[in-house]
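To keep things clear, I will list the structure first and then write my remarks on it.
Note that the coordinates shown come from a computational prediction; the quantities given were computed from them, not determined experimentally. Here is how names work: the chains are called A, B, and so on, in the same order as the sequence lines, proteins then strands, and each is numbered from 1.
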There are 2 protein chains.
Amino acid sequence: MQESTELFERRTTADVVFEQLYGEIASLELLPGTKLSEADVARRFGVSRQPVREALSRLGNLELVLVRPQRATIVRGFSLQRVAYARFVRLAIELEVITQACAVWDASCTSALQRNLDLQHKILETEPEQFHSLDLRFHLLICELAGCPLAAEAITECRQKIDRLCTLSLARQSEAATLLADHEKLAKALQAKSVDRALAITRQHLSRLDSTIKEIHSEHSEYFE
Amino acid sequence: MQESTELFERRTTADVVFEQLYGEIASLELLPGTKLSEADVARRFGVSRQPVREALSRLGNLELVLVRPQRATIVRGFSLQRVAYARFVRLAIELEVITQACAVWDASCTSALQRNLDLQHKILETEPEQFHSLDLRFHLLICELAGCPLAAEAITECRQKIDRLCTLSLARQSEAATLLADHEKLAKALQAKSVDRALAITRQHLSRLDSTIKEIHSEHSEYFE
DNA sequence: CCTCTCATTCTGGTATGGTAGAATACCACC
DNA sequence: GGTGGTATTCTACCATACCAGAATGAGAGG
């Protein structure tokens, strides 16, 4: 979505700091509530405060940190509202993608999707921890096949907003099997070009996240704000 | 969506510069391609480069400007792709909102919506230039009535991305009448809780933007990138 | 007249110092 | 011992100076 015109991206100090901090926040190495002083971070990275400031500003735009002038900058916790927002948008996008997909679906689409499904089965048995990324690939693939590459961007954006939650919802292979079954059913509905069935499956598929979120909320309420 | 926890917002210099530049870009006082040198802008506002830098960075996040290190920072033109992206997301959101609305619609919703429609009629005769804002209100109102305040945020966000285009598409009262007719039909479909009809009307309603965009693209191709 | 080279100038990125405001800790005073 | 005021210490913000890369222009060489 960004920097499409210029491909040579100068690697700036602010970029490095930003990406490092982003990673640490997303992976929960930096827990919500952690104070991120410009000076401290600058010392830690051995750079000046300016690029740190820039990086924190960007994190603030993504609502990952809350910068309170003259007070402090802290890592924000999860917000049920923001999660719900991302969920809603994601659902809306997926539904429209499926609608479009049904309109243009053909045999080549089915086979392309089937290759991804085969991979999912294999991964689920060998390296189940990789299932999540393949899950995402599955949905993005449908976007492409439906002729909506834009939707893929939108979905990716939604996922970024709840990246950290996914970190907490690991070790759920039992659910992975359920999700894969959903994917299978969805593929069949697409093949049959049955819009209503595909939409219903999509709704149910995404709604499975809600219970997961609920559990996380009760288990780790300290991470919420 | 932002700064919900802290209500006292310190008005920082960077904020002022940002909002001023944002306004000028959105209103097309600053045309696409205009160079925005940090130093120049700083001199113009009588501040140092630092807050200007911050402001430009934020504008970059919104993709309103393109900052090219060691080269220059320029106002970005419209991008058909980004417009299409906003359009797609908007459509997806609206469709889901309508679906939800049909599920919960009752008489009170109908009357609330009718009040807005009456206003639209009156405005269209007296101050047609105000119709656009009322149009937006109409859609946001449906979000609220449908119990999806989150959708309202999403729609607002989409509109911001094509704010500048709206500036160009003024003076189109003839279309306003068409849009109002759509609104009327949509209201009837909602009252009848006819999901399919409501969705179809919504699709047609939003697709009317496409021709407008096309015209603008051919009339002002110099503003596109 | 064209072309290549190099110096000048402009760009954004970085480092550093200083400032105002908010929080905190401390101490006098009740 | 509890309370109120004050000084210290933090914070992010702003201004200034300097840097390296990129564009631009002029001049030398063909």
Margin query: I need the CD-C1' distance between Gln70(B) and dT14(C), as an integer number of Å.
Written below: 10 Å

Check: Tell me: CD of Glu38(A) to P of dT16(C), nearest whole Å?
Finding: 15 Å

Next item on the list: Take the angle between the ring planes of His139(B) and His183(B) and call it parallel below 30°, perpendicular above 60°, tilted in between.
Entry: perpendicular

Notebook entry, point to check: Does Thr13(A) place a side-chain N or O at less than 4.0 Å from the phosphate oxygens OP1/OP2 of dG13(C)?
Noted result: no

Notebook entry, point to check: Base, sugar-phosphate alone, or nothing: which one does Leu36(B) contact when heavy atoms must sit under 4.0 Å apart?
Noted result: sugar-phosphate

Margin query: With a 4.0 Å cut-off on N to O distance, would you call Asp40(B) and Lys35(B) a salt bridge?
Written below: no

Notebook entry, point to check: If you measure only the distance, is there a donor-acceptor pair under 3.5 Å linking the side chains of Gln100(B) and Glu96(B)?
Noted result: yes

Notebook entry, point to check: Do any of residues 45-56 of chain B sit with a heavy atom less than 4.0 Å from DNA chain D, and if so which?
Noted result: Val47(B), Ser48(B), Arg49(B), Gln50(B), Pro51(B)

Notebook entry, point to check: Is the shortest side-chain N/O distance from Thr12(A) to OP1 or OP2 of dG12(C) below 4.0 Å?
Noted result: no

Checklist line | Gap between atoms CD1 and P, on Ile74(B) and dG12(C) respectively (whole Å) | finding: 11 Å

Margin query: Can you measure Asp40(B) atom CG to dC10(C) atom C1' for me and round it to whole angstrom units?
Written below: 10 Å

Next item on the list: Kindly point out which of dA12(D), dA23(C), dA20(D) is positioned nearest to the side chain of Arg71(A)?
Entry: dA23(C)

Notebook entry, point to check: Please give, in whole Å, the distance from dT11(C) C1' to Leu66(B) CG?
Noted result: 13 Å

Note to self: Nearest 0.5 angstrom please: Tyr22(B) OH to Asp15(B) CG, how far?
What the structure shows: 14.5 Å

Next item on the list: Measure from the side-chain N and O atoms of Glu38(A) to the backbone N and O of Arg53(A), and report whether any donor-acceptor pair falls under 3.5 Å.
Entry: no

Margin query: Rounded to whole Å, please give me the gap between CZ in Arg11(B) and P in dC13(D).
Written below: 14 Å

Next item on the list: To the nearest Å, give me how far apart CZ (Arg68(A)) and C1' (dC10(D)) are.
Entry: 13 Å

Next item on the list: Round to a whole Å and report the spacing from CZ of Arg43(B) to P of dG12(C).
Entry: 11 Å

Next item on the list: Using distance alone, with no hydrogens and no angle criterion, decide if Ser48(A) and Gln50(A) have a side-chain donor and acceptor under 3.5 Å apart.
Entry: no

Note to self: Please determine whether a side-chain nitrogen or oxygen atom of Ser37(B) lies at a distance below 4.0 Å from atom OP1 or OP2 of dC10(C).
What the structure shows: no

Margin query: Just to be sure I understand the rule, does Ala14(A) reach a base, reach only the sugar-phosphate, or reach nothing, if contact means heavy atoms closer than 4.0 Å?
Written below: sugar-phosphate

Margin query: Can you tell me how far apart CG (Leu150(B)) and CZ (Arg87(A)) are? Round to the nearest 0.5 Å.
Written below: 11.0 Å

